[in-house]
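Working notes, structure below.
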There are 2 protein chains.
Amino acid sequence: MSSSEKYDPRAFPPVAVTVDVVVFTIREKTLRVLLINRGVEPFRGEWALPGGFLKPDENLDEAAARELAEETGVTEESVYLEQLGSYGSPDRDPRMRVVTVAYWAICGDLPDPVGGGDAADAMLIPVSMIEQDEISLAFDHREIVRDALQRAMRSLESPLVAAKFCPPQFTISELRNVYEAAWNRSIDQGNFQRKIRANRMFMNVSAQIGASGPRGGRPASLWSIRDAGPDGEDADGSRDSEENEAVTRKGKARKR
Amino acid sequence: MSSSEKYDPRAFPPVAVTVDVVVFTIREKTLRVLLINRGVEPFRGEWALPGGFLKPDENLDEAAARELAEETGVTEESVYLEQLGSYGSPDRDPRMRVVTVAYWAICGDLPDPVGGGDAADAMLIPVSMIEQDEISLAFDHREIVRDALQRAMRSLESPLVAAKFCPPQFTISELRNVYEAAWNRSIDQGNFQRKIRANRMFMNVSAQIGASGPRGGRPASLWSIRDAGPDGEDADGSRDSEENEAVTRKGKARKR
DNA sequence: CCAAAAGTGTTTACCCTACACCCATGT
DNA sequence: ACATGGGTGTAGGGTAAACACTTTTGG
């Protein structure tokens, strides 16, 4: 059989493939998910994840990036985007058999007035509302969001992922605020300081100094992610790729 | 739009959905992957992952379990099966647009004479041969196997997952052999012993005693995975769900 | 001077590695 | 008796949690 020989698509069970994206961001010290109010049937008027059909000439990652850009205006830069998994129960979409490939994303700088495409509206809902089932979602999107949340929480153990919630240059406190929002508990400031400073993937942008707080306080230095060199080698020639770089969740929760 | 209203499948890009499974097992102290020699075009005669088309009335997990059973005869019991991710480059299959949902599995008791369906033959290839590119695989299956391997290695940090390579009842050495095969290095026997004994998810089947080695040696006690109770409570009433249960890869590798 | 946030020092507890040592069995 | 593998004891190093303390700013 030559590669130009094609199958009749109707010989296979008709399946549509969509891509949905769980976009996380932080607003008002709270971890939130972007939801779109559906403007079309089915589930018209209900809240759903941004997403759409896979186009003929794009791969899955490209489709996810496109949907993310269409719905948020955010470009692929400064965004963490990763595949989560696929969902394909036979009856998950009343129209026809639809398998969706779910992605999850971190957007640090999400523009506030989101919305577009066929979406009548958009909102950033706290993840706690979804965890506690205080809102109903279209399709099986609640399950997808819960899985995404679980994955995101694990990925946050890497401070490099957590930094995606921050602007390109950030203070260590800003990074700490990401963890305090995601875990909803306080973190020892001093220990966190050391943890980040010890991590070779973070670089002190020593020239710049961040603004001090609204009611005073010592100004913090700015940091950024060290862009991986050609082979990940450090400046001093040492290469310890497998360090203890995770931020753990142990210890007692203190008042916030 | 009522839920009985259907879309015309041809209104969407024609996509076929398949399911592929990366089956890991251990043979001769070596971690191996099950490959099938393709009996049909495309890639006829080349090695590929077991898999097939998603059927109309099954969900993704069911399709993966079915393919696994068809190709290995192994039932869902005593098998660890988990979704890995989806692969959908537009040109990954020369016939038509195919999105595959990949799964990965651990089979402890894989029957030796595998094969069936449209497969002319089957083999268990050491993962090292795939890592070192010593064999060519059909489609993008090499990429899938590498991703599965990476995922499996991380999952092995949980000894409960590693135990899936063992029979329902096993000695601590048998479990240790799983790590030594997967990591290709030796592990301190005494420390490993303590690690497993300290893990409340493992239960000593005290009545039974495993056979001693071929050339003598103290017989080992048999262990099994504690089936999760209604709320995961321990016998003594304590409940420490978040323990240090991971098996880490640190320390120097000793001779095997 | 005081409040507030950044950053450093220090103590302590815990875990894990390495390795020594004893136990139980087959030959 | 000895080899072999099962199982325990234990000392040392490293890391991280907790918290005290110093530094630098705004009001």
Side-chain angles (χ1 to χ4, degrees), chain A residues 29 157-159 166 169-180 183 185-200 202 204-206 208-223 240 242-256, chain B residues 29 157-159 166 169-180 183 185-200 202 204-206 208-223 240 242-256:
Chain A
K29 291 185 176 297
E157 284 171 15
S158 163
C166 301
Q169 297 196 345
F170 49 90
T171 66
I172 293 184
S173 318
E174 284 173 330
L175 185 57
R176 183 165 45 85
N177 286 334
V178 171
Y179 285 97
E180 300 198 332
W183 294 350
R185 70 184 205 67
S186 71
I187 292 173
D188 185 280
Q189 192 271 136
N191 293 335
F192 189 81
Q193 187 93 213
R194 263 189 297 269
K195 189 87 186 177
I196 300 306
R197 285 172 181 269
N199 190 323
R200 285 199 154 89
F202 289 99
N204 196 329
V205 189
S206 38
Q208 290 287 356
I209 291 290
S212 55
R215 291 188 304 281
R218 176 173 170 178
S221 61
L222 285 177
W223 294 73
D240 31 11
E242 289 205 42
E243 283 297 306
N244 265 359
E245 293 173 345
V247 177
T248 65
R249 216 172 163 173
K250 288 187 288 193
K252 68 179 174 189
R254 305 146 98 193
K255 72 174 188 302
R256 292 189 60 179
Chain B
K29 292 185 177 295
E157 284 171 14
S158 163
C166 300
Q169 295 195 349
F170 51 89
T171 66
I172 293 183
S173 318
E174 285 173 330
L175 185 56
R176 183 163 48 84
N177 287 334
V178 172
Y179 285 98
E180 300 198 331
W183 295 349
R185 71 185 205 67
S186 71
I187 293 174
D188 185 281
Q189 191 270 135
N191 293 335
F192 188 80
Q193 187 92 214
R194 262 189 297 267
K195 188 86 185 175
I196 300 305
R197 285 173 180 269
N199 190 323
R200 285 200 154 87
F202 289 99
N204 196 327
V205 188
S206 39
Q208 290 286 355
I209 291 291
S212 55
R215 292 188 303 281
R218 175 174 171 179
S221 60
L222 285 177
W223 295 72
D240 31 11
E242 289 206 42
E243 282 298 304
N244 264 1
E245 294 173 344
V247 178
T248 65
R249 216 173 163 174
K250 287 187 288 192
K252 69 179 175 190
R254 306 147 95 189
K255 72 173 188 301
R256 294 189 56 178

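Residue numbers start from 1 in every chain, and the chains themselves are labelled A, B, ... in the order their sequence lines are given, proteins ahead of strands.
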[X] [atom1] to [N] [atom2], straight-line distance once rounded to whole Å:
X	N	atom1	atom2	result
A:Glu157	D:dA16	CD	C1'	15 Å
B:Phe192	D:dG9	CZ	C1'	20 Å
B:Arg194	C:dC19	CZ	P	14 Å
A:Gln189	D:dT22	CD	P	16 Å
A:Arg218	C:dA6	CZ	P	10 Å
A:Ile196	D:dA16	CD1	C1'	14 Å
A:Glu174	C:dA6	CD	P	9 Å
A:Arg176	C:dG7	CZ	C1'	11 Å

Just checking A:Thr248: base, sugar-phosphate only, or nothing, at a heavy-atom cut-off of under 4.0 Å? sugar-phosphate
Heavy atoms from C-beta onward define the side chain here; which of [options] lies closest to that of [X]?
X	options	answer
A:Asn191	D:dT23, D:dG6, D:dA18	D:dA18
A:Arg197	C:dG7, D:dG7, D:dC19	C:dG7
B:Lys195	D:dG7, C:dC16, C:dC19	C:dC16
B:Asp188	D:dG5, C:dA18, C:dG7	C:dA18
B:Lys250	D:dT8, C:dT17, C:dG7	C:dT17

Does a side-chain heavy-atom distance below 4.5 Å link A:Arg197 with A:Ile172? yes
When rounded to the nearest 0.5 Å, the distance separating CG of A:Leu175 from CH2 of A:Trp223 is 11.0 Å
Can you tell me if the side-chain N/O atoms of A:Ser221 get under 4.0 Å from OP1 or OP2 in C:dG7? yes
D:dG6 OP1/OP2 closer than 4.0 Å to side-chain N/O of B:Gln193: no
Side-chain (B:Glu245) to main-chain (B:Pro159) donor-acceptor, under 3.5 angstrom: no
Nearest-nucleotide check on DNA chain D, B:Pro219 vs A:Pro219; residue mapping nearer the 5' end is B:Pro219
From the options B:Arg194, B:Gln189, B:Lys195, select the one residue that forms a side-chain hydrogen bond (donor to acceptor under 3.5 Å, both in side chains) with B:Asn191. B:Arg194
